[in-house]
Undergrad: 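Below you'll find the structure I mean.
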Protein chains: 2
Amino acid sequence: MRRAERLAEIVEIVRDGRLHTARDLAESLEVSDRTIYRDMDTLAASGVPIEGERGVGYLLREPVFLPPLALSSTELEALSLGMAIVREAADPELQEAAMTLLGKVEGHASIRRRSPKSWGFGVYAFEQAKPGFVHMPLIRRAVQERLKLRITYVSLAGDKSERIIRPLQTDYWGRVWTCSAWCELRNAFRAFRIDRISGCFDTNEHFDVEHGKTIEDYLEKIAKTFEN
Amino acid sequence: MRRAERLAEIVEIVRDGRLHTARDLAESLEVSDRTIYRDMDTLAASGVPIEGERGVGYLLREPVFLPPLALSSTELEALSLGMAIVREAADPELQEAAMTLLGKVEGHASIRRRSPKSWGFGVYAFEQAKPGFVHMPLIRRAVQERLKLRITYVSLAGDKSERIIRPLQTDYWGRVWTCSAWCELRNAFRAFRIDRISGCFDTNEHFDVEHGKTIEDYLEKIAKTFEN
DNA sequence: CCCAAACTGACAGGTTATGTCAGTTGTGTT
DNA sequence: AACACAACTGACATAACCTGTCAGTTTGGG
């Protein structure tokens with residue numbers, strides 16, 4: 001089974017998002033270039049989206065992993081429930097992802113045979129599309145990449161304000177999403193309800209992890225509040 | 001790659017939970033017994049928990065599937081969020097499954113490399129362990145296997161009652177779980193809040209899908225209610 | 001004890017994978 | 001426009017691997 005392992009190894013190497021030439025791969029895997037080209041065919045046939053450009057090299061745009069997982073039926077059930085909730089309770093981008101993921105998993109004959117498509121879950125976590133939800137993908141990206149955002153926020157009292165925030169975490173409260181952030185207008189931590197964010201723009205400005213302004217600091221502060 | 005396909009096929013066949021002899025497998029896959037024995041070695045080496053007993057046959061206890069999935073990072077994010085919610089919002093059995101599933105996925109080196117362990121999600125779907133939650137696994141099983149249950153229910157008004165129900169679906173409402181069922185006491189559809197089910201027992205009695213008493217009928221009835 | 005069926009080892013023959021070589025075709029750079 | 005680079009392709013010999021056959025051994029159950 002050296003071949004199968006090598007195929008996995010190629011994906012491992014290429015998924016770092018950088019360019020790799022067939023020769024480099026061939027050297028590090030101790031096979032000939034030709035073998036690499038053949039392997040690339042096989043991978044492409046298996047649906048791995050590796051792109052090869054002549055004169056350039058190979059690139060794996062979409063991060064991919066292919067672990068041959070062994071899931072118990074309870075884990076499969078948890079996956080199914082989780083995706084049902086995400087499909088209902090998250091923003092369109094994650095909804096889409098949840099559905100394609102579930103599709104990939106249920107598409108495998110082994111599962112179709114056992115589950116009559118339904119696990120008996122009903123999920124009604126949300127009313128129809130909440131207003132601020134279109135901004136969720138941007139907010140999530142901002143959290144991950146430490147990107148400052150400029151938002152227009154309408155408070156529960158109805159006051160409109162414009163702020164620069166450092167989004168630290170997105171929070172799910174069962175039926176409501178909020179974003180925990182450091183607010184540069186108030187110079188303090190604030191939690192913004194996603195459905196009350198009417199405008200949201202990328203500032204193209206990154207923020208550093210500053211002592212006292214991290215999500216851990218925020219959570220700690222909240223914990224202390226509850227102690228009293 | 002006929003070998004790789006055959007290995008997958010073996011798992012496919014054996015995962016029905018019944019006994020299979022090497023000879024039967026060999027016949028249906030059109031190879032010799034010897035090849036099956038060699039394949040079993042390979043599968044065992046790959047970590048598939050197939051058990052073989054001399055004089056008996058092969059058995060796969062834990063249902064398993066091993067689809068070499070290719071997930072996008074967004075799908076991975078959806079999976080992570082979904083499991084975070086399930087870990088917070090579901091019963092202990094599914095919580096456990098969600099954690100082991102996430103463990104299996106994140107355990108794969110390819111992912112560890114990219115995600116700094118956290119996706120920036122905070123999930124606070126529930127207070128601490130709700131009372132009725134211990135019954136959830138039984139209820140889920142009952143839904144899937146059409147098993148009647150005998151429950152002790154405390155209504156919102158505080159009235160205690162004992163009923164035989166035919167559980168049709170478990171419903172997640174963001175912060176609350178209910179069970180949609182046909183209630184044999186009231187002879188009508190009822191939705192029971194899980195946290196108000198104080199007792200729950202298996203009656204060992206199955207129910208048939210009766211016209212007018214299915215989950216589809218219930219959902220239709222609810223839809224009509226909203227029309228008015 | 002006997003049977004069934006999992007297991008093991010050896011070897012020949014077939015199939016597949018690989019390396020070598022000799023090209024062609026795009027892409028980016030000078 | 002010429003050039004370098006690297007993806008690609010085809011052909012063929014050889015090495016590696018897989019498979020079937022056969023002849024056993026081991027283990028659990030009746």
Side-chain angles (χ1 to χ4, degrees), chain A residues 1-68 70 110, chain B residues 1-68 70 110:
Chain A
M1 297 279 285
R2 226 180 77 235
R3 184 172 146 79
E5 288 162 27
R6 196 181 53 234
L7 292 175
E9 189 61 25
I10 288 176
V11 175
E12 269 318 286
I13 293 172
V14 175
R15 73 187 295 286
D16 66 359
R18 286 180 304 188
L19 277 171
H20 297 270
T21 66
R23 174 144 310 138
D24 289 348
L25 291 171
E27 256 173 48
S28 74
L29 297 175
E30 298 178 329
V31 291
S32 72
D33 304 13
R34 190 65 183 84
T35 300
I36 297 295
Y37 291 124
R38 280 192 273 244
D39 285 350
M40 288 302 181
D41 272 358
T42 310
L43 287 173
S46 310
V48 178
I50 291 182
E51 298 168 20
E53 273 188 84
R54 288 159 190 244
V56 183
Y58 287 103
L59 186 63
L60 184 51
R61 249 179 238 301
E62 188 125 342
V64 165
F65 72 110
L66 51 175
S110 41
Chain B
M1 298 275 285
R2 224 179 84 234
R3 186 174 142 79
E5 290 160 26
R6 194 182 55 234
L7 291 174
E9 189 61 24
I10 288 176
V11 176
E12 272 316 288
I13 293 172
V14 175
R15 72 189 293 287
D16 66 358
R18 286 178 305 186
L19 277 172
H20 296 269
T21 66
R23 174 143 310 139
D24 290 346
L25 291 170
E27 256 173 51
S28 73
L29 297 174
E30 297 177 330
V31 291
S32 72
D33 305 13
R34 189 65 183 84
T35 300
I36 297 295
Y37 290 126
R38 279 190 275 242
D39 286 350
M40 289 303 183
D41 271 357
T42 310
L43 287 172
S46 309
V48 178
I50 291 182
E51 297 166 20
E53 273 188 83
R54 289 161 193 251
V56 182
Y58 287 102
L59 187 64
L60 184 51
R61 253 180 235 299
E62 186 125 343
V64 165
F65 72 112
L66 51 174
S110 39

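So that the names make sense, note that chain A is the first sequence line, chain B the second, and so on, each numbered from 1.
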Undergrad: To the nearest 0.5 angstrom, please state how far the CD1 atom of Ile13(B) sits from the OH atom of Tyr58(B).
TA: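 One gets 13.5 Å once the value is rounded to the nearest 0.5 Å.
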Undergrad: With nearest nucleotide decided by heavy atoms, which residue, Ala22(B) or Arg2(A), maps closer to the 5′ end of DNA chain C?
TA: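 With Ala22(B) and Arg2(A) compared, the 5'-side residue is Ala22(B).
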Undergrad: Between Met40(B) and Leu25(B), which heavy-atom pair has the shortest distance, and what is it?
TA: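 In terms of heavy atoms, the two residues are closest at CE-CD1, 3.6 Å.
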Undergrad: Just how far is it from atom OG of Ser32(A) to atom CZ of Arg23(A), taken to the nearest 0.5 Å?
TA: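 Rounded to the nearest 0.5 Å, the OG-CZ separation comes out at 10.5 Å.
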Undergrad: Can you list, in residue-number order, the parts of residues 26-36 of chain B that come under 4.0 Å of DNA chain C, counting heavy atoms only?
TA: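 Within this stretch, Arg34(B) sit under 4.0 Å of the strand.
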Undergrad: For the pair made of CZ in Arg18(A) and P in dA6(D), what is the distance, rounded to whole Å?
TA: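 One finds 16 Å between P of dA6(D) and CZ of Arg18(A), rounded.
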Undergrad: Test Asp24(B) against Thr21(B) for side chain to side chain donor-acceptor pair (under 3.5 Å), laying out the working first.
TA: CA-CA 5 Å; Asp24(B) 290 346; Thr21(B) 66; 3.3 Å; yes
Undergrad: Could you tell me which non-hydrogen atom of Arg18(A) sits nearest to which non-hydrogen atom of Leu59(A), and how far apart they are?
TA: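 Result for this residue pair: O-CD1, 3.5 Å.
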Undergrad: In whole angstrom, give the distance that lies between atom CD of Glu51(A) and atom C1' of dA7(D).
TA: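 Roughly 14 Å, once rounded to whole Å.
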Undergrad: Quick one: do Leu29(A) and Asp39(A) satisfy side-chain contact (heavy atoms from CB on, under 4.5 Å)? Show the steps, please.
TA: CA-CA 12 Å; Leu29(A) 297 175; Asp39(A) 285 350; 5.9 Å; no
Undergrad: Polar pairs (N or O, both sides) under 3.5 Å between protein and nucleotides 24-27 of chain D?
TA:
from: dT26(D); atom 1: O2; to: Arg54(B); atom 2: NH1; distance (Å): 2.9

Undergrad: Please give, in whole Å, the distance from dA7(D) P to Asp39(A) CG?
TA: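 After rounding, the gap between these two atoms is 13 Å.
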Undergrad: Which heavy atom of Ala26(A) sits nearest to which heavy atom of Asp33(A), and what is that distance?
TA: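 Ala26(A) and Asp33(A) have their closest heavy atoms at CB-OD1, 3.6 Å.
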Undergrad: Hey, which of these two, Gly52(A) or Val56(B), hits DNA chain D nearer its 5' end, going by closest nucleotide?
TA: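 Comparing both residues, the 5'-ward one is Gly52(A).
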Undergrad: Could you state the atom-to-atom distance from CG of Asp41(B) to P of dT19(D) in whole Å?
TA: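 From Asp41(B) CG to dT19(D) P: 13 Å.
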Undergrad: Would a 4.5 Å heavy-atom cut-off, applied to side chains only, mark Arg6(B) and Thr35(B) as touching?
TA: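 Sidechains of Thr35(B) and Arg6(B): in contact.
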Undergrad: For residues 48-56 of chain A, which side-chain N or O atoms pair as donor and acceptor with protein atoms under 3.5 Å away, sequence neighbours left out?
TA:
from: Glu51(A); atom 1: OE1; to: Arg61(A); atom 2: NE; distance (Å): 3.2
from: Glu51(A); atom 1: OE1; to: Arg61(A); atom 2: NH2; distance (Å): 3.4
from: Glu51(A); atom 1: OE2; to: Arg61(A); atom 2: NE; distance (Å): 3.4

Undergrad: Using whole Å, report how far CG of Leu25(A) lies from P of dT18(C).
TA: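 About 14 Å, once rounded to whole Å.
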Undergrad: Rounded to the Å, how far apart are Arg38(B) CZ and dT21(D) C1'?
TA: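 So the two atoms are 10 Å apart, to the nearest Å.
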Undergrad: Can you tell me the distance, in whole Å, between the CZ atom of Arg3(B) and the C1' atom of dA16(D)?
TA: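 Distance, rounded to whole Å: 13 Å.
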Undergrad: Mind calculating the distance between CD1 (Ile50(A)) and P (dC8(D)) to the nearest angstrom?
TA: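 That distance rounds to 11 Å.
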Undergrad: Can you tell me if Tyr37(B) touches the phosphate of dC7(C), counting only side-chain N or O atoms and a distance under 4.0 Å to OP1 or OP2?
TA: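 Looking at the OP1 and OP2 atoms of dC7(C), neither is under 4.0 Å from any side-chain N or O of Tyr37(B).
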